[in-house]
Amino acid sequence: MDRKSIIIVGPTAVGKTEYAIEIAKHCGGEIVSADSMQIYKGFDIGSAKPTEEELSQAKHHLIDIIDPKTDFSVAEYQKMAADVINSLFDRDVTPVIAGGTGLYVNSLIYDMDFSHTGKQDHIRKKLEREADLLGNDHLHKMLEKQDPEAAKRLHPNNLKRVIRALELIETSDGESSLRSFEESFKPNKLMNPIIIFLNRDREELYDRINSRVDILLESGLVREVEDLKDSGLSNENISMKGIGYKEIAGFIDGEYDLDHAIYLTKRNSRRYAKRQITWFNRYPDAHRFNLSDYGSKEEVLTYICKVIETFLYQTGNQ
RNA sequence: GCCCAGAUAGCUCAGUUGGUAGAGCAGUAGACUGAAAAUCUACGUGUCCGUGGUUCGAUUCCGCGUCUGGGCA
């Protein structure tokens, strides 16, 4: 039996959800989300989760399952996704992995190893304090002494990364170090994926992002953020750092007016889309589709499905 | 109609004692191994409103025009 999977990636608001559903229907697959916000319970409007109607059209996994008060990370995602994907393979169902979180997708298609030390809160806090007192360069110099390779890759101002690297050294007797992207560029042999990279002309994409933010507000985004805060979530929770959430939270806290919150949400979504495109541009084997080049959704789907069919019915020889 | 102020990057504006210009924001490009919707790095762009004059040289000074604010009638 071939263990083949389909991966749909692309920037926010490009239309991944609807295309993933069509593709899943077309090849009898089930959708596995690779989205770091849609995974949280209660983050419905701001993360643009699929609607009830969309959910009923294809089975979705890894959406709406994590308590937003807990700290979640790629490591957990990788494990959960692997379980889901394996169970789909067992049932001879094609996984259609869809989402915009590049690191999550990488954790599936590349051999990324998260078995070493996890997050170490006390060390992290200590180092953060040190950076505060002595400056970013100080921590970077510390890292340089103990792991020159990692230090070379990390800019001193990228505090989170520098701290993470030091955290690894402190907890593992210098054994493990922060590994580079290149080093882990080995494909995960269990996956055998075909990657579909959906994009649009920049101007059109930005128009879609801007008007989607307006729609999210009309659908009650402010209310959703208020409810989340009432339920005990604070701005410090990782889940609340999502675009649309942190900006509206600032408005609710009285830092600025709603118009400014909307402006920030739109701008940050645009910048995020830009970063996603940069990330997915690194996938050498991705099949790219610029949706702006086609007359209709049906037309694109014809082409996409053709590519997928060729892939699925190739006899696997891995 | 008269008086005053302004017109410079996509936007808001600074500046050039006359030698064709720079900040913020927007934008563009990139990095990424346990926060990733996070975090970090790098980079432009210009008929300096038009027109005539003074000048070796005008975006800068002067005249006229146009437009935009504000005031007075």
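Only heavy atoms go into these numbers, but all of them, side chains included; no hydrogens, no water, no symmetry mates. The structure displayed is predicted, hence computed values, not measured ones.
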If we call it a pair only when both distances are under 3.5 Å in a Watson-Crick or G-U wobble match, what pairs with [N]?
| N | value |
| --- | --- |
| C2(B) | G71(B) |
| U66(B) | A7(B) |
| U16(B) | none |
| C40(B) | G30(B) |

- Item | Pair Y303(A) and Y294(A), ring centroids less than 6.0 Å apart | yes
- Query: Between F72(A) and Y77(A), does the ring centroid distance fall short of 6.0 Å?
  - Reply: no
Under 4.0 Å between any heavy atoms, over every strand shown, what does [X] touch: base, sugar-phosphate, or nothing? Just pick one.
| X | answer |
| --- | --- |
| Y206(A) | sugar-phosphate |
| Q276(A) | nothing |
| G46(A) | base |

- Task: Kindly say if N268(A) contacts the phosphate of A37(B), meaning a side-chain N or O under 4.0 Å from OP1 or OP2.
- Result: no
- Taking atom OH of Y206(A) and atom CG of D201(A), what is their separation to the nearest 0.5 Å?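 Reported value, rounded in 0.5 Å steps: 12.0 Å.
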- Distance, nearest 0.5 Å, that separates CZ of R275(A) from OG1 of T12(A):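 Between atom CZ of R275(A) and atom OG1 of T12(A) there are 11.0 Å.
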- Task: Between F72(A) and L159(A), just flag the one whose closest nucleotide in RNA chain B comes earlier from the 5' side.
- Result: F72(A)
- Message: Distance check, P atoms only: G22(B) and U47(B), in whole angstrom units.
- Response: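 Each nucleotide's P atom is 15 Å from the other's.
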- Message: Nearest to the side chain of I243(A), heavy atoms from C-beta on, is which of A36(B), A37(B), A35(B)?
- Response: A37(B)
- Query: Quick one: does R161(A) reach the base of A36(B) with a side-chain donor-acceptor pair under 3.5 Å?
  - Reply: yes
- Give the rounded distance in Å between these two atoms: CD of Q78(A) and C1' of A36(B).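 The answer, rounded to whole Å, is 14 Å.
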